[in-house]
Amino acid sequence: PAIYYVLQLFKTLHRTRQQVFKNDARALEAARIKINEEFKCNKTETSPKKIEELIKIGSDVELILRTSVIQGIHTDHNTLKLVPRKDLLIENVPYCDAPTQKQ
């Protein structure tokens, strides 16, 4: 049933929010309120097609948060220190200008 996926998505979004905005009370609270508002707004939805669309949107949001958001900390008025999470630091493959020969 759809309710299982809705609840699972709700929990996943909150877990992701806690990881992505760790140590940032303002962002944690803003994200918590937004997630709760969106789910509350749509809690009376009964159309399976619309519910499926909403689940897809929520899943996309979770993926973007998890894979694209990096925290920045103001160190002074002109400097921002980036704090990437471990799961964002993927192996960087160096770019090679010269084409390689196929063996």
Side-chain angles (χ1 to χ4, degrees):
I3 189 73
Y4 169 78
Y5 296 107
V6 172
L7 290 174
Q8 188 178 27
L9 177 61
F10 183 79
K11 289 176 182 178
T12 303
L13 279 164
H14 277 291
R15 266 191 235 104
T16 301
R17 164 189 75 90
Q18 289 173 334
Q19 292 168 356
V20 171
F21 302 118
K22 191 169 151 186
N23 301 324
D24 185 344
R26 221 165 83 197
L28 279 166
E29 181 64 9
R32 184 187 70 77
I33 289 168
K34 183 65 175 166
I35 292 166
N36 291 348
E37 274 177 1
E38 290 299 322
F39 276 81
K40 193 181 266 188
C41 267
N42 294 295
K43 78 177 187 180
T44 57
E45 186 59 59
T46 55
S47 161
K49 190 175 172 71
K50 180 69 174 164
I51 291 170
E52 198 176 306
E53 283 173 26
L54 291 166
I55 289 172
K56 173 76 172 105
I57 291 168
S59 298
D60 291 348
V61 166
E62 191 277 333
L63 180 68
I64 290 168
L65 278 174
R66 190 168 28 88
T67 60
S68 305
V69 175
I70 297 178
Q71 277 186 309
I73 300 169
H74 287 278
T75 53
D76 62 48
H77 77 285
N78 238 358
T79 312
L80 200 63
K81 177 184 173 191
L82 297 180
V83 187
R85 294 175 313 287
K86 275 190 173 70
D87 52 329
L88 281 181
L89 299 174
I90 56 174
E91 189 61 39
N92 193 5
V93 180
Y95 176 74
C96 179
D97 236 352
T100 55
Q101 295 286 333
K102 287 192 176 177
Q103 302 283 327

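None of these values were measured; they are calculated from a predicted model.
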Within-4.5 Å side-chain heavy-atom neighbours: Val20 and Gln71: no
Thr12 side, atom OG1; Leu7 side, atom CG - distance, nearest 0.5 Å: 10.5 Å
Is Glu62 salt-bridged to Arg66, going by a charged N under 4.0 Å from an acidic O? yes
Do Arg17 and Leu65 make a side-chain contact, defined as non-hydrogen atoms from C-beta onward lying under 4.5 Å apart? no
Does atom CD of Glu52 have more than 12 heavy-atom neighbours, drawn from other residues, nucleotides or ligands, at distances under 6.0 Å? no
Nearest 0.5 Å, please: how far is CD in Gln18 from CG in Leu13? 11.5 Å
Can you list the other members of the hydrophobic cluster that holds Val83, where links are side-chain heavy atoms under 4.5 angstrom apart? Ile73
If the threshold is 4.0 Å, N to carboxylate O, is there a salt bridge linking Arg32 and Glu29? yes
With a 4.5 Å heavy-atom cut-off, do Val69 and Phe21 have their side chains touching? yes
Closest approach of Ala2 to Ile51 (non-hydrogen atoms, all atoms of both residues): CB-CG2, 4.0 Å
side-chain hydrogen bond (donor to acceptor under 3.5 Å, both in side chains) partners of Lys34, counting only residues at least two apart: Glu38
Once you round to the nearest 0.5 Å, how far does CD1 of Ile33 lie from CG of Leu28? 11.0 Å
Indicate if Tyr5 and Phe10 have the same hydrophobic cluster label, given that clusters are the connected sets of ILVMFWY residues with side-chain heavy-atom separations under 4.5 angstrom. yes
Tell me if a side-chain donor or acceptor on Thr79 pairs with a main-chain N or O of Thr75 at a distance below 3.5 Å. no
Looking only at atom types and distance, does a side-chain atom of Asp24 sit under 3.5 Å from a main-chain N or O of Ala27, one as donor and one as acceptor? yes
Closest approach of Arg85 and Gln19, non-hydrogen atoms and distance? CD-O, 3.4 Å
Residues clustering with Leu63 (ILVMFWY side chains joined when closer than 4.5 Å, directly or via others): none
Shared hydrophobic cluster for Tyr4 and Leu9 (ILVMFWY, side-chain gaps under 4.5 Å): yes
Measure the spacing between CG of Asn42 and CG of Leu54 and express it to the nearest 0.5 Å. 4.5 Å
